[in-house]
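Note that the coordinates shown come from a computational prediction; the quantities given were computed from them, not determined experimentally.
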Amino acid sequence: QVRLVESGGGLVQAGGSLRLSCAASGRTFSNYFMGWFRQAPGKEREFVGSIISSGLMTYYADFVKGRFTISRDNVKNTMYLQMNSLNPEDTAVYYCAAALYVPTSINEYRYWGQGTQVTVTS
């Protein structure tokens, strides 16, 4: 069992930045492939980006366009999502998730956090 807790969400103006954290407890964090997802009201949950267990490789959705950066600290058992140049379309609940193997779909992420709200005003 892996417990994930997101933090760092909030209200920010367009063009601003936020840094989300995902703190993990339970099983060995460094064994897990980690991802960030988001869900806006009335929309399906969508992939934002992911990072392999070692932290040496990351993947991003096209809409990130170099604005977001994912990192992890396997000593602190924490993953981060640095979000810059935010716009109102980035408003959503942001979730972190963990998978023991490299996932090929959202359904293969086994553990999920409760989410943190990000609201971007124009």
Side-chain angles (χ1 to χ4, degrees):
Q1 183 78 15
V2 174
R3 182 169 181 259
L4 302 174
V5 179
E6 301 95 337
S7 62
L11 184 67
V12 63
Q13 287 189 331
S17 299
L18 280 176
R19 188 194 195 201
L20 305 185
S21 298
C22 172
S25 61
R27 299 286 181 89
T28 305
F29 176 71
S30 60
N31 288 344
Y32 287 84
F33 185 100
M34 299 294 296
W36 284 100
F37 294 80
R38 70 184 189 182
Q39 188 167 18
K43 295 187 178 181
E44 293 188 352
R45 193 168 298 188
E46 64 178 352
F47 173 78
V48 174
S50 58
I51 186 167
I52 67 173
S53 57
S54 68
L56 295 179
M57 190 169 294
T58 53
Y59 307 89
Y60 297 97
D62 289 342
F63 64 78
V64 169
K65 297 179 182 178
R67 300 182 298 129
F68 295 0
T69 302
I70 296 173
S71 61
R72 65 190 295 165
D73 185 333
N74 285 344
V75 174
K76 295 183 178 180
N77 292 341
T78 302
M79 177 179 62
Y80 305 97
L81 178 64
Q82 177 67 45
M83 304 186 293
N84 300 325
S85 302
L86 287 162
N87 58 62
E89 291 71 35
D90 295 316
T91 295
V93 177
Y94 283 72
Y95 299 89
C96 64
L100 195 53
Y101 302 100
V102 177
T104 57
S105 73
I106 187 173
N107 296 323
E108 295 181 8
Y109 283 87
R110 184 171 184 180
Y111 302 106
W112 290 82
Q114 83 290 346
T116 185
Q117 176 70 47
V118 171
T119 303
V120 184
T121 60
S122 57

(request) Determine, stepwise, if the pair Ile51 / Met79 fulfils side-chain contact (heavy atoms from CB on, under 4.5 Å). (result) CA-CA 9 Å; Ile51 186 167; Met79 177 179 62; 3.8 Å; yes

(message) Side chains of Asp73 and Thr78: any donor to acceptor distance under 3.5 Å?
(response) no

(request) Carefully, step by step, assess Val118 and Thr91 under the rule side-chain contact (heavy atoms from CB on, under 4.5 Å). (result) CA-CA 5 Å; Val118 171; Thr91 295; 5.9 Å; no

Rest of the hydrophobic cluster containing [X] (Ile/Leu/Val/Met/Phe/Trp/Tyr, side-chain heavy atoms under 4.5 Å)?
{"X": "Leu11", "answer": "none"}
{"X": "Val5", "answer": "none"}
{"X": "Val75", "answer": "none"}

(request) Return each pair, listed once, that meets ring-ring contact (aromatic ring centres under 6.0 Å, His included) where at least one residue sits in residues 68-107; pairs must be two or more places apart or across chains. (result) none

(request) Please collect all ring-ring contact (aromatic ring centres under 6.0 Å, His included) contacts where either partner lies in residues 17-58, sequence neighbours excluded, each pair once. (result) Phe37-Phe47, Phe37-Tyr109, Phe37-Trp112

(message) Using the salt bridge (Lys or Arg N to Asp or Glu O under 4.0 Å) criterion, which residues pair with Arg38? Sequence neighbours excluded.
(response) Glu46, Asp90

(request) Start with the C-alpha distance between Met83 and Arg67, add both sets of side-chain angles, then the distance that settles side-chain contact (heavy atoms from CB on, under 4.5 Å), and finish with yes or no. (result) CA-CA 6 Å; Met83 304 186 293; Arg67 300 182 298 129; over 6 Å; no

So does [Y] get a backbone contact from the side chain of [X], meaning a donor-acceptor N/O pair under 3.5 Å?
{"X": "Glu108", "Y": "Ala99", "value": "no"}
{"X": "Glu6", "Y": "Gly115", "value": "yes"}
{"X": "Asn74", "Y": "Ser53", "value": "yes"}

(message) I'd like to know whether Arg110 forms a side-chain contact (heavy atoms from CB on, under 4.5 Å) with Val2, so could you lay out the CA-CA distance, the side-chain angles of the two residues, the decisive distance to 0.1 Å, and finally the verdict.
(response) CA-CA 9 Å; Arg110 184 171 184 180; Val2 174; over 6 Å; no

